[in-house]
K.L.:
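Sharing a structure below in structure tokens format, with a few things to ask.
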Amino acid sequence: MFNLLRMDLYRIKRSPSVYICLAILLSLSALCCWLVWLMETPDGRQTALKMGMFELEELAELEAEGNALADMDLLEMFRDVGMDGGFYCSILGIVVALFVCMDFQSGYIKNIMAAHRNRWTYVVSKVLTAGFVNFLYLLISFGFCLLMNFLSHLVPFTSWNNILFYLAWAWLISTAFTSLIIAICIFTRSAALGILGTILFGSGIIVTFLSYLTNLFHLGQWADYTLYFNMTYGPSVCTGIGDLKVFAIGLVFMALYTAAASIALTRQDI
């Protein structure tokens with residue numbers, strides 16, 4: 001198990017998709033911070049006016065509306081910029097889908113299964129590798145957001161306790177999401193279908209559509225326990241034991257999808 005995990009970590013480190021997707025994630029985060037600075041700060045609005053992004057009348061309307069950042073702190077900005085809405089999970093899922101499906105496309109999995117007859121270790125190694133990449137992505141993304149805020153002075157800092165609480169459950173929920181993508185890739189053995197599943201589930205398209213249908217029959221409460229809903233609307237502050245349910249949801253889904261992927265792999269011909 002340790003050798004398999006070490007091999008996966010070595011391979012993911014040399015995978016170009018990891019760095020390309022990270023660059024996309026950071027670039028869009030920088031773009032969002034820049035647009036917020038342009039629209040919500042006095043200096044930014046003057047710069048936007050000089051760039052011709054809006055007229056004097058529109059500038060007056062924006063100033064009359066006030067500053068939308070007045071009640072926002074660093075953690076909320078970090079969530080709005082890249083985490084809520086499924087963008088982060090979609091980027092992470094694409095990395096995982098490409099990494100897992102490469103084993104089938106290159107025939108690498110045949111060599112692994114010849115040396116490791118217990119196929120559960122293969123799936124667990126993939127989930128742990130995805131969790132490691134997720135951990136680095138979260139730290140780098142938050143550090144980048146912290147740097148952008150330090151340079152632009154957009155919002156005040158927040159409590160480290162709230163930051164650590166949020167990052168902990170966000171890591172667990174998003175890692176559980178990667179276990180879903182791993183299961184899809186093992187079922188289909190197709191990178192295209194894995195990426196499609198990442199977009200549909202990560203962006204919440206499927207959850208939103210099914211929630212709309214079930215709400216017609218007053219049965220939409222199930223959506224509160226989905227990975228997408230908790231990733232988007234999960235708590236930023238721990239106010240009681242009820243806020244800890246996100247950890248339980250993440251653990252349950254991670255175990256469920258990991259078990260499903262492992263069972264599917266044991267029943268498939270390699």
Side-chain angles (χ1 to χ4, degrees), residues 8 12 15 17-18 21-22 24-25 28-29 78-102 122-142 165-188 190-211 222-236 244-265:
D8 280 338
I12 198 73
S15 175
S17 61
V18 174
C21 289
L22 179 60
I24 294 173
L25 181 64
L28 290 180
S29 296
F78 173 62
R79 295 188 63 167
D80 289 343
V81 165
M83 300 300 295
D84 296 349
F87 175 71
Y88 176 82
C89 283
S90 297
I91 291 293
L92 180 64
I94 290 173
V95 174
V96 173
L98 293 175
F99 178 65
V100 174
C101 290
M102 185 59 65
Y122 175 84
V123 176
V124 172
S125 176
K126 288 293 184 288
V127 173
L128 292 177
T129 302
F132 178 75
V133 174
N134 184 21
F135 177 76
L136 293 180
Y137 267 34
L138 274 176
L139 288 185
I140 295 173
S141 298
F142 182 78
F165 170 73
Y166 172 76
L167 291 179
W169 71 253
W171 175 84
L172 188 59
I173 292 291
S174 50
T175 302
F177 176 77
T178 63
S179 66
L180 167 62
I181 303 306
I182 291 172
I184 292 175
C185 291
I186 289 178
F187 271 108
T188 63
S190 169
L193 292 178
I195 293 175
L196 178 62
T198 295
I199 295 173
L200 292 178
F201 286 101
S203 63
I205 294 176
I206 291 181
V207 172
T208 303
F209 177 73
L210 293 179
S211 177
W222 64 272
D224 296 348
Y225 300 93
T226 59
L227 293 176
Y228 171 77
F229 183 91
N230 282 273
M231 191 68 192
T232 303
Y233 303 106
S236 296
L244 300 179
K245 73 174 185 178
V246 288
F247 291 96
I249 291 172
L251 288 172
V252 169
F253 276 108
M254 186 187 300
L256 178 64
Y257 292 136
T258 301
S262 301
I263 293 173
L265 189 62

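Everything numeric here is computed off the predicted structure, so don't read it as measured data. Values below: all heavy atoms of this structure, side chains included; hydrogens, waters and symmetry mates excluded.
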K.L.:
Side chain of S211, backbone of T208: donor and acceptor closer than 3.5 Å?
P.N.:
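Side chain of S211 to backbone of T208, a donor-acceptor pair under 3.5 Å: no, none is there.
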K.L.:
For S190, enumerate each residue passing the side chain to side chain donor-acceptor pair (under 3.5 Å) test, keeping only those at least two apart in sequence or located in another chain.
P.N.:
none
K.L.:
If you compare all heavy atoms of I205 against all heavy atoms of S203, which two are closest, and at what distance to 0.1 Å?
P.N.:
CG1-OG, 3.1 Å
K.L.:
To the nearest 0.5 angstrom, please state how far the CD1 atom of I181 sits from the SG atom of C101.
P.N.:
10.0 Å
K.L.:
Could you check whether any side-chain heavy atom of F99 comes within less than 4.5 Å of a side-chain heavy atom of I94, counting everything from C-beta outward?
P.N.:
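A side-chain contact is absent here, since even the closest heavy-atom pair is not under 4.5 Å.
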K.L.:
Give the C-alpha distance, both sets of side-chain angles, the deciding distance and a yes or no for side chain to side chain contact (heavy atoms under 4.5 Å, CB included) between F201 and L180.
P.N.:
CA-CA 9 Å; F201 286 101; L180 167 62; 4.0 Å; yes
K.L.:
Roughly how far apart are S174 OG and I91 CD1, rounded to 0.5 Å?
P.N.:
13.5 Å
K.L.:
Any idea which heavy atoms bring T232 and G86 closest together, and the distance?
P.N.:
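Heavy-atom minimum between the residues: OG1-N, 4.5 Å.
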K.L.:
Starting at CZ of R79, measure out to CZ of F142 and round the result to the nearest 0.5 Å.
P.N.:
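Result: 12.5 Å between the selected atoms.
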K.L.:
Can you tell me how far the CG atom of D224 sits from the CG atom of N230, to the nearest 0.5 Å?
P.N.:
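Going from the CG atom of D224 to the CG atom of N230 covers 8.0 Å.
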K.L.:
Tell me whether F87 at atom CZ has more than 12 heavy atoms from other residues, nucleotides or ligands lying less than 6.0 Å away.
P.N.:
yes
K.L.:
Under the side chain to side chain contact (heavy atoms under 4.5 Å, CB included) criterion, do L22 and V18 qualify, and how do the steps go?
P.N.:
CA-CA 6 Å; L22 179 60; V18 174; 5.7 Å; no
K.L.:
What closest approach, in Å, do A170 and L138 show between heavy atoms, and which atom pair accounts for it?
P.N.:
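That would be C-CD1, 4.2 Å.
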K.L.:
Taking all non-hydrogen atoms of both residues into account, name the closest pair between S29 and L25 and its distance.
P.N.:
OG-O, 2.9 Å
K.L.:
Under the criterion side chain to side chain donor-acceptor pair (under 3.5 Å), which of T178, T129, T175 is the partner of N134?
P.N.:
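Running side chain to side chain donor-acceptor pair (under 3.5 Å) over T178, T129, T175 with N134 returns exactly one hit, T175.
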K.L.:
How far apart are the closest heavy atoms of G194 and I184, and which atoms are they?
P.N.:
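Looking at all heavy atoms of both residues, the closest pair is CA-CG2, 4.2 Å.
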K.L.:
Evaluate side chain to side chain contact (heavy atoms under 4.5 Å, CB included) for K126 paired with D8, printing each intermediate quantity in order.
P.N.:
CA-CA 7 Å; K126 288 293 184 288; D8 280 338; 3.1 Å; yes
K.L.:
Of S17, C185, C21, which is the lone residue that meets side-chain contact (heavy atoms from CB on, under 4.5 Å) with L98?
P.N.:
S17
K.L.:
Please test F78 against M83 for side chain to side chain contact (heavy atoms under 4.5 Å, CB included), starting from the C-alpha separation and ending with a verdict.
P.N.:
CA-CA 7 Å; F78 173 62; M83 300 300 295; 3.6 Å; yes
K.L.:
Taking the side chain as everything from C-beta on, heavy atoms only, tell me whether Y88 gets closer than 4.5 Å to S141.
P.N.:
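With C-beta onward as the side chain, the pair touches.
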K.L.:
Hey, do the aromatic rings of W222 and Y225 have their centres closer than 6.0 Å?
P.N.:
no
K.L.:
Between W169 and Y166, what is the ring plane arrangement, given parallel below 30°, perpendicular above 60°, and tilted in between?
P.N.:
perpendicular
K.L.:
Could you pull out all donor-acceptor pairs under 3.5 Å where a side-chain atom in residues 245-265 meets a protein atom, sequence neighbours excluded?
P.N.:
residue : atom : partner : partner atom : Å
T258    : OG1  : M254    : O            : 2.6
S262    : OG   : T258    : O            : 2.8

